[in-house]
Amino acid sequence: MPIVICHHYGFDGYSDDWWTDEERETYYNVIKDYNIAVIFQGHQHDTFHLVWKGFDVFSSGDVQTNEYLVCSIEDDELKIHQRKHGDWGEIKFEKKIIR
């Protein structure tokens, strides 16, 4: 079964002070054998995508700044698109997920 993880601080440079290297490695060792479809992080108030240790990680944005992500999982496909100032933004991510 695909798993979606959401948490506040992520794996970008801004979050380096939140996680120690040992904590990041422990977290990775806990989740590495699961079917992680995507990880969403917050705190940044903007949207971006990065790959951390093979996992797709997205910063979810902030509705106050009118920049956020829209996500759907239908059948075997994950879709993530960015909304930015009332229009569709640059992030258009789609991938097959394994159930």
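Residue indices begin at 1 and follow the sequence shown. The basis for the numbers below is simple: all heavy atoms, side chains too, and nothing from hydrogens, waters or symmetry mates.
With Thr47 contributing its side chain and Ser59 its backbone, the two residues share no donor-acceptor pair below 3.5 Å. The backbone N or O of Gly86 sits less than 3.5 Å from a side-chain atom of Arg83, completing a donor-acceptor pair. Remark: side-chain polar atoms of Asn35 are paired, donor with acceptor, to backbone N or O of Ile98 under 3.5 angstrom.
Rounding to the nearest 0.5 angstrom, the gap separating the SG atom in Cys71 from the CD atom in Gln82 is 14.0 Å. Expressed to the nearest 0.5 Å, how far CD of Gln41 lies from SG of Cys6 amounts to 11.0 Å. In this structure, Asp75 CG and Ile73 CD1 are separated by 11.0 Å, a value rounded to the nearest 0.5 Å. In this structure, the separation between NZ on Lys84 and OG1 on Thr65 is 9.0 Å, given to the nearest 0.5 Å.
Looking at residues two or more places apart in sequence or on another chain, you find a ring-ring contact (aromatic ring centres under 6.0 Å, His included) between His8 and His43. Applying the side-chain hydrogen bond (donor to acceptor under 3.5 Å, both in side chains) rule to Glu77 yields no partners; only residues at least two apart in sequence or on another chain are considered. With sequence neighbours excluded, the residues satisfying side-chain contact (heavy atoms from CB on, under 4.5 Å) with Thr26 are Glu22. Applying the side-chain contact (heavy atoms from CB on, under 4.5 Å) test to Trp18 and every residue at least two apart in sequence or in another chain returns Tyr9.
Annotation: Asn29, atom CG; neighbour count of heavy atoms from other residues, nucleotides and ligands within 6.0 Å is above 12. The number of heavy atoms from other shown groups lying within 6.0 Å of OH (Tyr34) does not exceed 12.
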Ile80 vs Val70, test: side chain to side chain contact (heavy atoms under 4.5 Å, CB included). Steps then yes/no. CA-CA 6 Å; Ile80 300 170; Val70 177; over 6 Å; no
How far apart are the C-alpha atoms of Glu25 and Lys32, what are their side-chain angles, what is the distance that settles it, and do they pass the salt bridge (Lys or Arg N to Asp or Glu O under 4.0 Å) test? CA-CA 10 Å; Glu25 196 61 28; Lys32 70 181 180 182; over 6 Å; no
Would Ile31 and Ile39 count as a side chain to side chain contact (heavy atoms under 4.5 Å, CB included) here? Give the steps. CA-CA 11 Å; Ile31 68 171; Ile39 298 172; 4.1 Å; yes
Tyr27 and His7: ring-ring contact (aromatic ring centres under 6.0 Å, His included), yes or no, with the steps? CA-CA 12 Å; Tyr27 178 77; His7 48 71; 5.5 Å; yes
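In this structure, Ile5 and Ile36 have side chains that are in contact, with non-hydrogen atoms separated by less than 4.5 Å.
In this structure, Val51 shares a hydrophobic cluster with no other residue, the cluster being traced through Ile, Leu, Val, Met, Phe, Trp and Tyr side chains under 4.5 angstrom apart.
In the hydrophobic clustering of this structure, Val30 groups with Val57; members are Ile, Leu, Val, Met, Phe, Trp, Tyr whose side-chain heavy atoms approach within less than 4.5 Å, directly or through other members. There is a path of hydrophobic side-chain contacts, each under 4.5 Å, that joins Val4 to Leu78.
The aromatic rings of Phe58 and Phe40 sit tilted, their planes meeting at an angle between 30° and 60°.
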Tell me which donor-acceptor pairs under 3.5 Å the side chains of residues 87-97 have, and how far apart each pair is, sequence neighbours excluded?
{"from": "Lys92", "atom 1": "NZ", "to": "Gly89", "atom 2": "O", "distance (Å)": "2.7"}
{"from": "Lys95", "atom 1": "NZ", "to": "Ala37", "atom 2": "O", "distance (Å)": "2.9"}
{"from": "Lys95", "atom 1": "NZ", "to": "Asp56", "atom 2": "OD2", "distance (Å)": "3.2"}

